[in-house]
Amino acid sequence: AHPLNNDVTDYHFLIMDRNAKNIPEKYEAITMDDLVEFDGTNNADARNVSRGWYVPLQDKGEKVLSRSITLQGNVFFTTFSPIDPSLDVFCGGDTGQGRLYSLNIYNSSIETTNVETPGIPSDPVVLFPPEPAQDSTAPVDPNNPDKPIRECESSSAVVLVGPTAIESSINSCDVLKQEYWKEE
């Protein structure tokens with residue numbers, strides 16, 4: 001990777017592996033023509049895409065330099081864009097611009113958020129921060145009766161990119177399930 005290179009147009013690829021359980025005798029090469037452009041407007045539902053998608057990155061020289069994470073059909077990844085060399089900026093290093101992409105593979109929505117931390121952004125990390133329920137009738141933790149249990153519908157995920165916290169619309173209903181058990 002050449003983080004300051006502005007000469008290329010990069011993409012993020014999401015490839016559908018239809019051979020996960022059955023190993024074919026021969027693999028077929030996949031080209032860009034076999035993939036659907038994922039731009040947030042084409043309603044490319046994952047159930048109808050045969051090979052996968054590619055996401056054109058927004059800025060000249062923008063590139064993916066970290067790992068992605070997928071949760072509930074949402075793919076999160078960060079990118080880095082160097083400062084345009086034709087601009088007179090300042091005396092110092094090129095800290096560029098970081099961005100978080102959030103793609104939903106079931107409804108083709110795409111959101112981007114600029115990351116305020118200078119430099120190449122880290123891998124995204126998804127957290128469900130604990131937050132006590134506001135309702136006094138909410139269930140409580142049997143091991144800690146003073147602590148109400150937060151209902152999954154109100155437990156929005158937070159995506160961390162370095163020290164930057166970005167709220168997400170994902171809730172924990174289908175991702176995390178709290179179970180209590182007692183050994184007797």
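Not measured: the values here are computed from a predicted model. Residue numbers start at 1 and run along the sequence shown.
Scored by the side-chain contact (heavy atoms from CB on, under 4.5 Å) test, Leu14 finds His12, Trp53, Val55, Val75, Leu103, Ile105 as partners (sequence neighbours excluded). Under the side-chain hydrogen bond (donor to acceptor under 3.5 Å, both in side chains) criterion, Thr70 pairs with no residue at all, not counting sequence neighbours. Annotation: side-chain contact (heavy atoms from CB on, under 4.5 Å) contacts of Thr9 (sequence neighbours excluded): Tyr11. In terms of the ring pair (Phe, Tyr, Trp, His ring centres under 6.0 Å) criterion, Phe76 has no residue partners (sequence neighbours excluded). Qualifying side-chain hydrogen bond (donor to acceptor under 3.5 Å, both in side chains) partners for Ser68, counting only residues two or more places apart in sequence or in other chains: none.
Atom-to-atom distance recorded for Ile166:CD1 and Thr113:OG1 is 5.0 Å, nearest 0.5 angstrom. Atom CG of Leu100 sits about 7.0 Å away from atom OG1 of Thr78, to the nearest 0.5 Å. Atom OG1 of Thr117 sits about 10.0 Å away from atom CD of Gln97, to the nearest 0.5 Å.
Inter-residue side-chain proximity for Val126 and Ser168 is flagged as unmet; no heavy-atom pair is nearer than 4.5 Å. Using a 4.5 Å heavy-atom cutoff, the side chains of Val159 and Ile69 are not in contact. Val161 places a side-chain heavy atom less than 4.5 Å from the side chain of Ser122. With a 4.5 Å cut-off on side-chain heavy atoms, Leu127 and Leu160 count as touching. Side-chain contact between Phe80 and Pro121 is present, with at least one heavy-atom pair separated by less than 4.5 Å.
Under the 4.5 Å side-chain heavy-atom criterion for ILVMFWY residues, no single connected hydrophobic cluster contains both Val64 and Leu35. Hydrophobic clustering of Ile, Leu, Val, Met, Phe, Trp and Tyr side chains at less than 4.5 Å, counting indirect connections, keeps Leu65 apart from Tyr54.
Contact between Asp10 and Lys63 at its shortest, heavy atoms only, is OD2-CB, 3.1 Å. Shown here for Phe38 and Ile110, the closest heavy-atom pair between the two residues is CE2-CB, 4.1 Å. Contact detail for Pro82 and Gly61: the closest heavy-atom pair is CD-O, 3.5 Å. Between Pro56 and Glu37 the shortest heavy-atom distance is CG-OE2, 3.3 Å.
Ion pairing of Asp123 with Arg67 is present here, as a side-chain N (NZ or NE/NH1/NH2) and a carboxylate O approach within less than 4.0 Å.
Legend: salt bridge (charged side-chain N to carboxylate O under 4.0 Å, His left out) pairs involving residues 97-113, not counting sequence neighbours, sorted by first then second residue: Asp59-Arg99, Glu62-Arg99.
Annotation for Gln58: atom CD counts as buried by contact number, over 12 foreign heavy atoms lying within 6.0 Å.
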Expected list for residues 22-32: side-chain donor-acceptor pairs under 3.5 angstrom, two or more places apart:
unit_1, atom_1, unit_2, atom_2, d
Glu28, OE1, Arg51, NH2, 3.0
Thr31, OG1, Asp33, N, 3.4
Thr31, OG1, Asp34, OD2, 3.4

